[in-house]
Amino acid sequence: MTGLKAQLNRRLYECGRDPLSLFLLGCVVAAALTTFLVLSFLLGYILWQGLPNIEASLFALHYNSENVSLFPALIDTVLMVLLALAIATPLGIFAAVYLVEYASRGNKLVGVVRVTADTLAGIPSIVYGLFGMLFFVTYLKWGYSLLAGACTVAIMILPLIMRTTEEALKAIPDSYREGSYGLGAGKLRTVFAVVLPSAVPGILAGVILAIGRLIYTSGTVAALPDGVLSSGRTLAVHMYVLASEGLYMKQAYATAVILVVIVIAINALSNRLAKQLMKGK
């Protein structure tokens with residue numbers, strides 16, 4: 001605490017000699033406080049409205065008009081996340097490894113891939129949904145299924161995972177690679193035994209952001225899936241449907257609490273996993 005106070009005093013002293021720097025510091029502090037207060041208000045309001053309405057009926061095995069159970073949507077969310085990540089994560093990581101570790105500098109293909117990834121990352125999700133409906137649902141005849149949804153959102157999150165992994169790999173000092181080569185390791189062993197483990201926190205950050213997009217979208221039917229070709233919907237869609245109907249607002253707030261808890265748990269577990277991997281390395 002004393003060190004933080006001393007650092008703050010030093011920063012104020014440095015900025016005090018330049019009015020513009022002091023003004024910009026005030027803007028940064030004000031923005032940080034505003035963000036913290038808005039987030040605290042939203043979380044507090046959701047917990048205040050939702051916690052008293054969490055009941056055992058919300059976790060019933062099947063959804064109906066009497067219990068509007070969120071359990072089927074919870075299972076659908078988990079399956080959607082796992083399927084999409086199983087498709088997008090290996091492709092994104094291996095693409096980033098090729099771009100950073102194997103592609104030659106100045107390669108025109110690398111520039112095209114990066115521009116394409118940045119372009120795909122900026123496309124609205126509704127465009128991906130239209131593509132998924134036309135290609136996976138209609139052309140491949142998969143129907144409104146978990147597999148079709150997972151492939152669609154996998155394409156949507158692929159640029160995010162690839163670009164964050166690429167930046168994480170670039171942040172690894174070249175001395176790590178040179179030390180590995182000096183000990184007699186080859187290119188492949190260096191990448192998988194030295195570079196990738198060191199980049200795990202950055203890679204997990206991209207995966208966490210991708211999970212956030214997966215939880216937000218996809219699905220329509222509130223039912224337990226019979227397989228990857230059956231339909232379902234995520235918790236976010238389930239909450240939206242309950243709120244839009246106007247008949248189950250209490251259950252919608254309770255679903256929001258569960259969704260917030262899941263997001264916080266995913267972030268906490270991912271950060272803990274990243275620390276454990278770095279400690280083991």
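All values below come from the heavy atoms of this structure, side chains included, with hydrogens, waters and symmetry mates left out.
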Participant: May I have the step-by-step check of side-chain contact (heavy atoms from CB on, under 4.5 Å) for Trp142 and Val137, ending in yes or no?
Facilitator: CA-CA 5 Å; Trp142 288 354; Val137 176; 5.9 Å; no
Participant: Under 6.0 Å from the CG atom of Leu39, do we count more than 12 heavy atoms belonging to anything else shown?
Facilitator: yes
Participant: Minimum heavy-atom separation for Gly50 and Val257, please, with both atom names.
Facilitator: CA-CG2, 3.6 Å
Participant: Distance check, rounded to the nearest 0.5 Å: Ser145 atom OG versus Phe136 atom CZ?
Facilitator: 10.0 Å
Participant: What's the spacing between Asp76 CG and Leu146 CG if we round to 0.5 Å?
Facilitator: 5.5 Å
Participant: Identify the two heavy atoms, one from Val195 and one from Leu169, that lie closest to each other, and give their separation to 0.1 Å.
Facilitator: CG1-CD2, 3.6 Å
Participant: Tell me, do Val194 and Arg189 make a side-chain contact under 4.5 Å, heavy atoms counted?
Facilitator: no
Participant: What are the two closest non-hydrogen atoms of Gly132 and Thr152, and how far apart are they?
Facilitator: CA-OG1, 3.4 Å
Participant: In the structure I gave you, are the side-chain heavy atoms of Val68 and Tyr248 within less than 4.5 Å of one another anywhere?
Facilitator: yes
Participant: Is there side-chain contact between Glu166 and Arg114, with heavy atoms separated by less than 4.5 Å?
Facilitator: yes
Participant: Could you check Ile54 against Ile258 for side-chain contact (heavy atoms from CB on, under 4.5 Å), going step by step and ending with a plain yes or no?
Facilitator: CA-CA 9 Å; Ile54 296 179; Ile258 301 300; 4.2 Å; yes
Participant: Carefully, step by step, assess Asp118 and Arg163 under the rule side-chain contact (heavy atoms from CB on, under 4.5 Å).
Facilitator: CA-CA 8 Å; Asp118 291 337; Arg163 292 296 281 160; 3.0 Å; yes
Participant: Between atom CG of Leu120 and atom OH of Tyr128, what is the distance when rounded to the nearest 0.5 Å?
Facilitator: 4.5 Å
Participant: Heavy atoms, side chains only, cut-off 4.5 Å: are Val237 and Thr234 in contact?
Facilitator: yes
Participant: Drop me the distance from Ser125's OG to Leu130's CG, to the nearest 0.5 angstrom.
Facilitator: 11.5 Å
Participant: Quick check against the 3.5 Å criterion: does Thr164 have a side-chain atom that pairs as donor or acceptor with the backbone of Ile161?
Facilitator: yes
Participant: Find out if a path of hydrophobic residues (ILVMFWY) with successive side-chain heavy-atom gaps under 4.5 Å connects Ile87 to Leu140.
Facilitator: no
Participant: If the plane angle is over 60° it's perpendicular, under 30° parallel, otherwise tilted; pick one for Trp48 and Tyr45.
Facilitator: tilted
Participant: For Thr190 and Ser180, which I'm curious about, is there any donor-acceptor pair between the side chains at under 3.5 Å?
Facilitator: yes
Participant: Which ring-ring contact (aromatic ring centres under 6.0 Å, His included) pairs, counting each pair once, include a residue from residues 70-127, with sequence neighbours left out?
Facilitator: none
Participant: Has the side chain of Ser244 got a donor or acceptor atom that lies under 3.5 Å from a matching backbone atom of Val241?
Facilitator: yes
Participant: Flag yes if Tyr176 and Tyr181 sit in one hydrophobic cluster, no otherwise; membership is Ile, Leu, Val, Met, Phe, Trp, Tyr, and two members link when side-chain heavy atoms are under 4.5 Å apart.
Facilitator: no
Participant: Is there a donor-acceptor pair under 3.5 Å between the side chain of Ser69 and the backbone N or O of Leu61?
Facilitator: no
Participant: Could you give me the CA-CA distance, side-chain angles and deciding distance for Leu196 and Ile203, then say whether side-chain contact (heavy atoms from CB on, under 4.5 Å) is met?
Facilitator: CA-CA 9 Å; Leu196 279 178; Ile203 296 173; 4.0 Å; yes
Participant: Do Tyr240 and Tyr253 sit in one hydrophobic cluster, given that two such residues count as connected whenever their side-chain heavy atoms are within less than 4.5 Å of each other, even indirectly?
Facilitator: no
Participant: Are the side chains of Leu259 and Ile46 in contact, using a 4.5 Å heavy-atom criterion?
Facilitator: no
Participant: I'd like to check Val191 versus Val97 (side-chain heavy atoms, cut-off strictly below 4.5 Å). Are they in contact?
Facilitator: yes
Participant: What heavy-atom pair brings Pro159 and Ile155 nearest, and what distance separates the two atoms?
Facilitator: CD-O, 3.2 Å
Participant: Could you report the tightest heavy-atom contact between Ala193 and Pro197, atom names first, then the distance?
Facilitator: O-CG, 3.6 Å
Participant: Group every Ile, Leu, Val, Met, Phe, Trp and Tyr by side-chain heavy-atom contacts under 4.5 Å, then state whether Met239 and Leu58 land in the same group.
Facilitator: yes
Participant: Measure the spacing between OG1 of Thr165 and CG of Leu91 and express it to the nearest 0.5 Å.
Facilitator: 11.5 Å
Participant: List the atom of Ala84, the atom of Ala154, and the distance in Å for their closest heavy-atom pair.
Facilitator: O-CB, 3.8 Å
Participant: Answer whether the closest heavy-atom distance between the side chains of Tyr144 and Met133 falls below 4.5 Å.
Facilitator: yes
Participant: Is Lys187 reaching over with its side chain to a backbone N or O of Glu101, donor-acceptor style, under 3.5 angstrom?
Facilitator: yes
Participant: Do Val261 and Leu70 sit in the same hydrophobic cluster, where Ile, Leu, Val, Met, Phe, Trp and Tyr count as joined when their side-chain heavy atoms come under 4.5 Å apart?
Facilitator: yes
Participant: For a 4.5 angstrom cut-off between non-hydrogen side-chain atoms, does Ile157 reach Thr89?
Facilitator: no
Participant: Quick one: pull up CE in Met80 and CG in Leu85 and give me the separation to the nearest 0.5 Å.
Facilitator: 11.5 Å
